[in-house]
Amino acid sequence: MERVDRKIIQLLSKGYRTPEISNHFIEKGIAPSSVSSVEKRIKAIKKVYGAKTLFHLAVLVTKSK
């Protein structure tokens with residue numbers, strides 16, 4: 001898993017919404033930083049874990065640790 005994906009999961013676990021993640025990435029100079037790009041990464045992460053929702057993703061990520 002890429003560093004950006006891990007950061008997205010970390011921010012999601014802190015309750016950040018997609019636009020907030022995008023703003024965080026813009027402030028830190030991390031790419032991809034557009035809302036659309038972040039949404040695409042979240043969709044890809046959910047696919048890797050087989051998650052249907054963000055809540056389901058959180059459960060699966062927690063179980064995998």
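For clarity, every value in this text was computed on a predicted model and none was experimentally measured. Any value given below was found using the heavy atoms of this structure, including those in side chains, with hydrogens, waters and symmetry copies removed.
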Asker: Heavy atoms only: give me the nearest S33-F25 pair and the separation to one decimal.
Answerer: CB-CB, 3.9 Å

Asker: Could you grab the distance from atom CZ of R6 to atom CD1 of I45, nearest 0.5 Å is fine?
Answerer: 10.5 Å

Asker: Honestly curious: do L60 and L11 fall in one hydrophobic cluster under the side-chain, below-4.5 Å linking rule?
Answerer: yes

Asker: Nearest 0.5 Å please: distance from the CD1 atom of I26 over to the CD1 atom of I21.
Answerer: 12.0 Å

Asker: Using a 4.5 Å cut-off on heavy atoms from C-beta on, say whether the side chain of V48 contacts that of D5.
Answerer: no

Asker: Check whether E20 reaches the backbone of R17 with its side chain - one donor and one acceptor, N or O, closer than 3.5 Å.
Answerer: yes

Asker: Looking only at heavy atoms, which two atoms of P32 and R41 are closest? And how far apart?
Answerer: CG-CG, 4.0 Å

Asker: Side chains of K46 and K43: closer than 4.5 Å at any heavy-atom pair?
Answerer: no

Asker: Enter the distance from K47:NZ to L57:CG here, rounded to the nearest 0.5 Å.
Answerer: 15.0 Å

Asker: Going hydrophobic residue to hydrophobic residue with side-chain gaps under 4.5 angstrom, can you get from I9 over to I30?
Answerer: yes

Asker: Less than 4.5 Å apart, any side-chain heavy atom of L54 and any of I42?
Answerer: yes

Asker: Report the distance from atom CD1 of I8 to atom OG of S22, rounding to the nearest 0.5 Å.
Answerer: 10.0 Å

Asker: In the structure I gave you, are the side-chain heavy atoms of K7 and K28 within less than 4.5 Å of one another anywhere?
Answerer: no

